[in-house]
Participant: 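Before I ask anything, here is the structure I am working with.
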Amino acid sequence: MTDHHQTNIMTLTRYVLEEQRQHPDATGDLTVAMNSVQLGCKFVESCVRKARLVNLVGLAGNTNVQGEDQKKLDVLSNEMFVNALKASGKFSFMVSEEVDDIIFVPESLRGKYCITFDPLDGSSNIDAGVNVGTIFGIWRLPSGPRATIDEILVPGSEIIAGGYCMYGSSCNLVLTFGNGTVEGFTLDPAIGEFILTHPDIRIPPKGKIYSVNEGNSMYWDDATRSYFDSVKYPSPESGLKPYSARYIGSMVADVHRTLLYGGVFAYPADRKSRSGKLRILYESFPMAFIIEQAGGRAITGTQRVLDLVPTHIHDRCPVFLGGTEEIAQVEAAFASHASWVKGNAE
Ligand SMILES: O=C(COP(=O)(O)O)[C@@H](O)[C@H](O)[C@H](O)COP(=O)(O)O
Ligand SMILES: [Mg+2]
Ligand SMILES: [Mg+2]
Ligand SMILES: [Mg+2]
């Protein structure tokens, strides 16, 4: 290293290659697959930066399977990811938030993985220039190119890689392969490479921030209300201070802050959205995987998120994720209001 320049840098590609070397039977397929993910993220990052200047803000004029109005950037990001991922030759099929059905890759380009992704998360924020992101999960298909959809309608714990990229004041890609570490990379726009800047991220067991759309609180169940009341109005005897509230409305940004600073992020079920809002395969599972690998927990209120088995590709689930102490308190709130939950499930 010279005075100011680090020359032995850990890029994302180098990191993935080094991971691969830990596994003597590895074929390099995951490295190639990750390169196509990186390409998609760099493309979206570049589009997000110039969106206002090149008229990439606003609606595309279509709705997706969730009934959401697609933004121009939702559509463009989706197309970029689909093309880059297909071209890698490592995926047999894909599930995207923006595409109603499974995307099957042409036979000649099929590989042993499936990828699920939310190409642009938090897209309602895009027109205001607020942080957005991409979320992805990678799955090994036991039957490889001959796999059927059943091979990803499996418990979330079978995911093999999860990550997100946040297009914010900097562009950060956070990734785990499930070996108990979560690594954070920052894009150096000068060389177009993601550089390891946040090695081995650990979520604090207890934080000071809660993150939830409180505008939905009139629809909450008693367990959810009692948990959030407990962080806002700690009993005087406890000597605890109330938590601060932070809510951006981009899951990637809210989870990223929770991962780094600690606390709790939630999108609970409520009387309006009986399964919450976040989609299991490409929002809840990858984020739950990252949070668990960083030492935290992710639950629906009553169940570990990664124990869920979706029945449809766009299924949703409630999510509470954060530090171990916060999630133990959420669990306690749901246990003590179990009768409410049971009564409503019937
Ligand atoms: O579900 C999300 C949106 O995803 P999307 O833009 O559709 O990929 C999350 O990013 C946000 O956490 C969520 O949209 C915030 O929802 P509200 O609080 O506005 O209901
Ligand atoms: Mg959407
Ligand atoms: Mg999303
Ligand atoms: Mg999206």
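Every number for a ligand or one of its atoms is a count from 1 in the order of the listing. None of the values given here were measured: they were computed from a predicted structure.
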Participant: How far is atom 6 (O) of ligand 1 from its nearest protein heavy atom, and which residue and atom is that?
Facilitator: G122 N, 2.8 Å
Participant: Which atoms of ligand 1 are found less than 4.0 Å from any heavy atom of R279?
Facilitator: 1 (O), 4 (O), 5 (P), 7 (O), 8 (O)
Participant: Decide yes or no for Q20 and L30: does some side-chain heavy atom of the first lie under 4.5 Å from some side-chain heavy atom of the second?
Facilitator: no
Participant: Any heavy atom of I248 sitting closer than 4.0 Å to ligand 1?
Facilitator: no
Participant: Give the contacting part of E68 toward ligand 1: side chain, backbone, both or neither, where contact means a heavy-atom distance below 4.0 Å.
Facilitator: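 The answer is the side chain of E68.
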Participant: Under 4.5 Å between side-chain heavy atoms, hopping through other hydrophobics if needed: is there a path connecting M34 to I160?
Facilitator: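 Yes.
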Participant: Among the N/O/S atoms of D121, which is closest to the Mg ion (ligand 3)? Give the atom name.
Facilitator: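 Sorting the N, O and S atoms of D121 by distance to the Mg ion (ligand 3) puts OD1 first.
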Participant: Could you check atom 20 (O) of ligand 1 against the protein and tell me its nearest heavy-atom contact, residue, atom and distance included?
Facilitator: Y267 OH, 2.5 Å
Participant: Would D74 count as a contact for the Mg ion (ligand 2), in the sense that one of its N, O or S atoms lies under 2.8 Å from it?
Facilitator: no
Participant: Which protein heavy atom lies closest to atom 11 (C) of ligand 1, and at what distance to 0.1 Å?
Facilitator: G249 O, 3.4 Å
Participant: Quick one: does ligand 1 sit under 4.0 Å from the side chain of S123, the backbone, both or neither, non-hydrogen atoms only?
Facilitator: both
Participant: Give me the residue, atom name and distance of the protein heavy atom closest to atom 12 (O) of ligand 1.
Facilitator: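 For atom 12 (O) of ligand 1, the nearest protein heavy atom is M251 N, 3.4 Å.
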Participant: Identify the closest protein heavy atom to atom 16 (O) of ligand 1: which residue and atom is it, and at what distance?
Facilitator: K277 NZ, 3.0 Å
Participant: Please write down residue, atom name and distance for the protein heavy atom closest to atom 4 (O) of ligand 1.
Facilitator: D121 OD1, 3.1 Å
Participant: In ligand 1, which numbered atoms sit nearer than 4.0 Å to a non-hydrogen atom of Y247?
Facilitator: 12 (O), 15 (C), 16 (O), 17 (P), 18 (O)
Participant: Pick whichever of V255, N213, V252 has a heavy atom sitting closest to atom 17 (P) of ligand 1.
Facilitator: N213
Participant: Quick one: does ligand 1 sit under 4.0 Å from the side chain of L278, the backbone, both or neither, non-hydrogen atoms only?
Facilitator: side chain
Participant: So which N/O/S atom does D118 have closest to the Mg ion (ligand 3)?
Facilitator: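 Relative to the Mg ion (ligand 3), the closest nitrogen, oxygen or sulfur of D118 carries the name OD2.
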Participant: Among the N, O or S atoms that E283 has, which is closest to the Mg ion (ligand 3)?
Facilitator: OE2
Participant: More than 12 heavy atoms of other residues, nucleotides or ligands under 6.0 Å from NZ of K206: yes or no?
Facilitator: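 Count over threshold, so yes.
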Participant: Just wondering, are more than 12 heavy atoms of other shown residues or ligands nearer than 6.0 Å to OH in Y261?
Facilitator: no
Participant: Is the Mg ion (ligand 2) under 2.8 Å from any N, O or S atom of E97?
Facilitator: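 So E97 does bind the Mg ion (ligand 2) by this criterion.
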